There are 2 protein chains.
Amino acid sequence: MKLLRNTLLETFVTVAECGGFSDAQFALGITQSAISIRIRDLETSLGYRVCERGRGGFRLTEQGEIAYQKARDMLRSARDFDAELLELRNAVTGDLRIGVVDAVSSLPGLNLAVALQRFLQRPNEVRLEIVVASPIDLTQQLISGELHVAIAPFRSLSPDLDYVELCAEEHRLYCSTSHPLFDRPAEDIGPQILSQYPLCQRTYDMLVSPDLGLPEPRAVVANMEAMAMLIETGQYIGPLPEHFAKPRVAQGLFRELASPELCWSSPFSLATRRAQVHRRAVELFVQDVQAACAAVSYD
Amino acid sequence: MKLLRNTLLETFVTVAECGGFSDAQFALGITQSAISIRIRDLETSLGYRVCERGRGGFRLTEQGEIAYQKARDMLRSARDFDAELLELRNAVTGDLRIGVVDAVSSLPGLNLAVALQRFLQRPNEVRLEIVVASPIDLTQQLISGELHVAIAPFRSLSPDLDYVELCAEEHRLYCSTSHPLFDRPAEDIGPQILSQYPLCQRTYDMLVSPDLGLPEPRAVVANMEAMAMLIETGQYIGPLPEHFAKPRVAQGLFRELASPELCWSSPFSLATRRAQVHRRAVELFVQDVQAACAAVSYD
DNA sequence: CAATTACATAAGAAATTTTCATGCAAATAT
DNA sequence: ATATTTGCATGAAAATTTCTTATGTAATTG
């Protein structure tokens, strides 16, 4: 159940994350004195102090900070290594670290909940981990091995990754009730009018529709909720996925500023690190996501 | 002194390499029965048998074969990881795995012996490992982490590697005493004449001078000694580094078929995996190689 | 200034790992 | 065919390692 891995390093990482020995007791399931000894042994073999501790407070030393990051990364790949060996007995096990962009849960065409359900119904011993981040961060984390799969509208494709297109996400521009444009008749709405109002944009990939000559964005966000909040202020117009804005539109809070030039969609893909074979868990999850997408498109 | 690493895996790898438990006793420094227990424990936690053994002979199982390769790779990176943490205390330690092409020892302009001497004179606890392979293999091994640095005439550059040019290697075409061309006057030698004789070429990068319209090579080799042997038969003409052929020319065994079109040189570079920072040992060795090259060029 | 918190340390207890002795089965020698 | 040797497995005792308990110390807090 744990082939690679090393108690000293695991202790160190846990201690660093707990911010001290006493909290780490519970995380590690051993006594404080055992932790004290382990850290002492680690420091002895490393030849330097990894953390300052005591009643005065806890903090990693300069070297400890670097060691911590390296150790954390190494333990992660050690776990993946374990899983690789264990999966040779045809088990499905190990970590499955999934990354997605935010506001993905309501995206029609990608039923992630169903995909997860399918996956979890298989016999497996997998430990799931789901993180939310921007496409750019997700790409980085895939390459570094922090993630196994990621689902996002990837704008720039990395040569180190493999992509499978899943579905498309429809985008529109929106404003809120308190915005001057809210009550303007639909025929008035066009690029020229829009360009006179402050625009809120996404940081990560400038997902607004192909060059509308819209003004420099006055605000940028990395999250759909945050985008919605800024639009809600009435100070900004901003792009949102249609599925995400829908409830607010239905409530009469938002208005879609839809002229033909302001409708666009971005393709959602699933990305994995380029490799001959993936871990069984990864392989199966990818299948399940694709199956879930296919099921949706038949509806 | 060993942070990551795991006794079970190390035992397994050593046993696999020794081809049995009894030989591995000496390699591991423990008794045969301890090995037996360790392998049993490993198999218990993996859930499958890694090797068939007994008086009937030793061999890895199908799963064991895969596990062995993964484990070997993993232990290698575990050692590198150890070295990274240890080098935070300003030590120079760990493995330094160097790859070169063959016949590099006599290359003027690259005094590898001096570079190694410089490196070894520094205070360090490094374990050296030097392998000889073709530029293509070296590139692969750098990318996979099997090697830390490689020195070779790299023809195609990988985006995953960093290159530093060191010096150039002069090449000429040669034939031996028993070859029909050996006694032809120098003014007869030209591409037209040469193209009538079988040519021996290198497998790895077709290092012969830029397109001479020479005939399809009749023999290929991946090693300078082998090239020299084939030329020595008198059946082939073939390219060799000038410095390598020199002793044989001096002995009157080879003749240089040197017309202006048949002189060319290939740049020798040092390659490392692209990374922000390298291990201290790697960094220092690269410096030493460059210093050794610079020293030569002042002579 | 007492109480508390966070860690260090010593000694014994517990758990793990190794060795030693021996057993067994297959291959080889007689 | 039988004996011997080789390669590994196993049980029990020994050795080593690791943990817990109990206690100590220093810095902070009330």
Side-chain angles (χ1 to χ4, degrees), chain A residues 1-65 67-68 71 75 78 82, chain B residues 1-61 63-65 67-68 71 75 82:
Chain A
M1 290 283 176
K2 74 174 179 178
L3 301 170
L4 216 57
R5 241 104 40 98
N6 168 290
T7 34
L8 298 193
L9 288 178
E10 283 185 328
T11 306
F12 172 47
V13 167
T14 305
V15 164
E17 282 164 359
C18 291
F21 293 10
S22 11
D23 281 2
Q25 286 183 89
F26 313 107
L28 288 167
I30 56 174
T31 60
Q32 167 268 316
S33 82
I35 295 176
S36 179
I37 294 167
R38 284 189 188 177
I39 296 292
R40 174 170 54 69
D41 290 351
L42 175 67
E43 289 179 330
T44 304
S45 54
L46 283 179
Y48 52 87
R49 217 170 157 75
V50 294
C51 59
E52 299 302 336
R53 62 265 193 185
R55 192 66 190 80
F58 178 92
R59 67 160 216 288
L60 296 180
T61 63
E62 203 176 326
Q63 293 159 314
E65 190 65 57
Y68 163 66
L75 288 178
D82 279 15
Chain B
M1 291 283 175
K2 71 174 184 180
L3 301 169
L4 217 56
R5 240 96 51 91
N6 171 290
T7 33
L8 299 192
L9 288 179
E10 284 186 328
T11 306
F12 172 46
V13 168
T14 306
V15 163
E17 283 164 359
C18 291
F21 293 11
S22 12
D23 280 2
Q25 284 183 92
F26 312 107
L28 288 167
I30 55 173
T31 59
Q32 167 269 316
S33 80
I35 294 176
S36 178
I37 292 167
R38 285 189 188 176
I39 296 292
R40 174 168 54 69
D41 290 351
L42 176 67
E43 290 178 331
T44 303
S45 55
L46 284 179
Y48 52 87
R49 215 170 159 73
V50 293
C51 59
E52 298 302 337
R53 63 267 191 185
R55 194 65 192 81
F58 179 91
R59 66 161 216 287
L60 296 179
T61 63
Q63 292 159 314
E65 190 66 56
Y68 162 68
L75 289 178
D82 278 15

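Below, chain A is the first sequence line, B the second, and so on; all start at residue 1. Remember, it's a predicted structure, so these values are computed and weren't measured experimentally.
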Between A:Ala27 and A:Thr14, the two heavy atoms sitting closest are CB-CG2, 3.6 Å
Select one nucleotide: of C:dC7, D:dC8, C:dT18, the one nearest the side-chain heavy atoms of B:Ser22. D:dC8
Between D:dT29 and A:Arg55, is there an OP1 or OP2 to side-chain N/O distance shorter than 4.0 Å? no
Decide yes or no on side chain to side chain contact (heavy atoms under 4.5 Å, CB included) for A:Leu60 and A:Phe12, but give the supporting numbers first. CA-CA 10 Å; A:Leu60 296 180; A:Phe12 172 47; 3.8 Å; yes
Rounded to the nearest angstrom, tell me the gap between atom CZ in A:Arg38 and atom C1' in D:dT20. 13 Å
Between C:dC7, D:dA9, C:dT19, which nucleotide has the shortest distance from any of its atoms to the side chain of A:Gln32? C:dC7
For the student: nearest non-hydrogen atoms of A:Glu43 and A:Arg53, plus distance: OE2-NH1, 2.9 Å
Can you measure A:Ile30 atom CD1 to D:dT17 atom C1' for me and round it to whole angstrom units? 14 Å
D:dA9 phosphate, OP1 or OP2, under 4.0 Å from B:Arg53 side-chain N/O: yes
Sugar-phosphate, base or nothing in reach of A:Thr31, heavy atoms under 4.0 Å: base
Measure CZ/A:Phe58 against P/C:dC7 and give the value in whole Å, please. 7 Å
Taking the side chain as every heavy atom from C-beta outward, state whether B:Arg38 and B:Val15 have any atom pair closer than 4.5 Å. no
Interatomic distance, A:Arg49 CZ vs C:dA8 C1' [rounded to whole Å]: 11 Å
Gap between atoms CG and C1', on B:Leu42 and C:dT17 respectively (whole Å): 16 Å
Picking from D:dT20, C:dT4, D:dG11, the nucleotide nearest the side-chain atoms of A:Ser33 would be D:dT20
Mind calculating the distance between CD1 (B:Ile39) and C1' (C:dT17) to the nearest angstrom? 15 Å
Could you tell me whether B:Ile37 contacts a base, only the sugar-phosphate backbone, or nothing, with contacts defined as non-hydrogen atoms closer than 4.0 Å? base
Length of the line joining A:Gln25:CD and C:dA6:P, which is rounded to integer Å: 10 Å
Do the side chains of B:Leu42 and B:Thr11 get nearer than 4.5 Å, heavy atoms only? no
Within less than 4.0 Å of OP1 or OP2 of C:dA8, is there a side-chain N or O belonging to A:Ser36? yes
Starting from P on C:dT18, measure out to CZ on B:Arg40 and report it in whole angstrom. 12 Å
